[in-house]
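A note on names: the letters A, B, ... follow the listed sequences, proteins ahead of strands, and every chain is numbered from 1. Note that these values count all heavy atoms, side chains included, but never hydrogens, waters or copies made by symmetry.
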Amino acid sequence: MSRNARIAAIVAATAAALAVIGAYVVSFLLAGPGTVVAATTPGPTPTANLTLQTVAAIGTGPHPDWVTYFVKDAGGDWRHSTVFQLPAHATIHVTVENYDGASGLRNPFFGLPRGISGPMRVDGKVLPVLDPSLASHTFAVPDLGLSVPIEGVPDAAEDQCEGAAPCGPNLAHRTITFTFHTGKPGTYRWQCFVPCAAGWQYGFGGPMQTFGYMDGFLKVV
Amino acid sequence: MTAASTPEPGRDHLRRIAVWWAVASVIGVVLVVFLLGPHMPPGRDTAEASDQTTANILLSAICTPIMLGVWVYFIYAIAVFRRRPGDAGDGPAERGSSRVQLIWVGVTGSIVLFLAVWGSVILLSSAEGAGGGQGPNPLVTPSGPKVQVQVIGQQWQFTYRYPQYGGFESAELFLPESSTIELHVTSLDVTHSFWAYQLGVKADAVPGADNIAFVRTKGPAKFDIRCAELCGIWHGHMYEVGHIVSKRAFTTWAAGMRRADRLIRPYLGPYQRAYLPDPQSRGG
C-alpha cells in the first residue's frame, strides 16, 4: 500500500470512529421521553389541566416491573412521558390517578402538601396532611416549592391493577387533585420522594434514577 | 581588561533575571492583594468565610512570586538563550550549584513550614473552627448561645430542622445575623455534602452520622447551597439559595414555619442527631 493510501485509510478510519462516537453521544443526549403539552385555556391567567397516572409496574418495554408515571395528552390518550409543557404564570389543575400501593416516605416532611393553591383532595375529600406511611409517591417540584404526597391504594383493595399499564378507571385507585401556579418560564425538574423503586438500595435506584419513570421536567413556557 | 574585572556572563544573566523578577513580583503581589483580593472566594459573609478568603489571598500572594519567577526565567531564556543564525555549536555546559540548591530548598521549605504553622494556629485559635464538618465530637466548640440547625440530605433535596424552635422542618435555610450557628449535617440515604459557599461551610452528609460544623454569621446576605458529593441523577439540581436575615425577621419566619408545620409535626418524630428511617428498601 502506498504512503498516500495508508494516510487516506487512517483518515477514513478516524472519521468513521468519530462519526460513531458522535452518533452515540447525540443519541444519548436526545434519548428520553417526548414532551406532552397540557391542554391550556388562554386568558389573563391561563389555566391548564395536567392529568397523571402512577402505576406499580409499566408492564412493557425494557423494564416491565418498574414503577412509573403516565400523562394524558390533549387527545385524552395516556402517554409514557415525564416531560410536561405548561404555560407560564398560569393556574395548573392537576389530577393524579394512583394505582400503586403505599411504600411510605423516608422523610415524613413530604407528607404535608406544600406550594399548592387551595386544598389537596383525595377521592374528592379534602386531606390537609397525609400520614407518611400511607404515601405511595409524591409529585414534587423543589424549585417551585411544590410538593404533594400521593396516597397509595390499600393492599386489601379489590381489582388491583396488575396488567400492563396504563390502568383503567375501573381498577382500584386513588384520585388526588390539587392546583398550583407556575411562575416565570423555565425548565423545572420534578421527582418522587417516596423510595418506591422496588428492590433497590434505599428505594432510590432504577426507575428513580432513570429519566422518564419517576422524575422528569416541567417545561414552563 | 583583566579576568578579575570582567563580569561573568552567568552572573549578569542572574542579576538581570533577579531584577525583572523582583519588579514583576512587587507589581504582581500588589495587584493580587489589592485588586484581586477583594473578589477572592468565598467572601466575608461569615467569620469562617472571611478567614478562608484571607487564607486564599495570602496563598495567592505567596504563589505569585514563585509563578513569576518561572515565567520571567522562561521569557528571559527564550529571548536571550536562543540559537543565533549561523551558531551551530553547543551551549555552555550546565553544572550543579550547591548554593542554588540550598537556597531553593531553604526558601520552599520555609514557605511550606510557615503555611503549616500559620494554618494550624489559625485553625486552633478560631472560635468556631474552619467551617468544615468536625464529626460528632467537635474539637473546637464555640462558647455562648448557638442556633442549632439540622441539615438533612436526601435524594435530591436538603431540608432543615430547627430543634430549638419546636423541631419544625423547612425546605429553605434561614439563619439569623450576628449569631453562632451549630449545623448538624446528616443524610437519610446516600452520602451528600452540604456546601454553603459564601458561608465557608462544607460538611459531608453521611447517613447515620452527625457531622457538626459551626459558623458565625455577619449581616444579612444570601448564599448558595449545593451538594458537593455526586449522589445520583438529580445531584446537579441540589442547588438553592439560603438567607441570613435580621434576628427579628428570623424569629418571625420561624414562628410562621412552626405554625405551617403543625399538621406534619406529629409525624416528624422527635429530633435526633441522625436518622435511620424505614423503608431502607422497598419490598417486592
- Whether A:Q191 side chain and B:Q155 backbone form a donor-acceptor pair below 3.5 Å: yes

- Side-chain (A:Q209) to main-chain (B:G232) donor-acceptor, under 3.5 angstrom: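 Answer holds: no.
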
- Note on the structure: So, the part of A:S147 with a heavy atom under 4.5 Å from chain B: the answer is neither

- Item | Residue part contacting chain B, namely of A:D65, when any heavy atom lies under 4.5 Å |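 Neither part; nothing is under 4.5 Å.
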
Do other residues, nucleotides or ligands put more than 12 heavy atoms under 6.0 Å from [X] [atom1]?
X      : atom1 : result
B:L139 : CG    : no
A:D155 : CG    : no
B:K146 : NZ    : yes

Which heavy-atom pair separates [X] from [Y] by the least distance, and what is that distance?
X      : Y      : answer
A:F211 : B:I233 : N-CD1, 3.8 Å
A:P108 : B:I264 : O-CD1, 3.2 Å
A:L112 : B:D261 : CD2-OD1, 4.2 Å

Hey, could you give me the [atom1]/[atom2] distance between [X] and [Y], rounded to the nearest 0.5 Å?
X      : Y      : atom1 : atom2 : answer
B:L263 : A:L130 : CG    : CG    : 12.0 Å
A:F109 : B:F168 : CZ    : CZ    : 10.0 Å
A:N107 : B:T159 : CG    : OG1   : 5.0 Å

- Task: Return the option, out of B:S170, B:P207, B:A260, B:P266, with the maximum number of heavy-atom pairs under 4.5 Å with chain A.
- Result: B:S170

- What part of B:Q154 lies closer than 4.5 angstrom to a heavy atom of chain A: side chain, backbone, both or neither? side chain

- Message: Is any side-chain heavy atom of B:E169 closer than 4.5 Å to one of A:F110?
- Response: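 Side-chain contact under 4.5 Å: no.
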
- Message: Is the distance from the ring center of B:W156 to that of A:F193 below 6.0 Å?
- Response: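 Aromatic pair excluded; centres sit 6.0 Å or further apart.
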
- Task: Mind running side-chain contact (heavy atoms from CB on, under 4.5 Å) on A:Y188 and B:H237 for me, showing each step along the way?
- Result: CA-CA 9 Å; A:Y188 305 88; B:H237 286 256; over 6 Å; no

- Taking it one step at a time, do B:Y267 and A:V129 satisfy side-chain contact (heavy atoms from CB on, under 4.5 Å)? CA-CA 10 Å; B:Y267 297 107; A:V129 63; 4.3 Å; yes

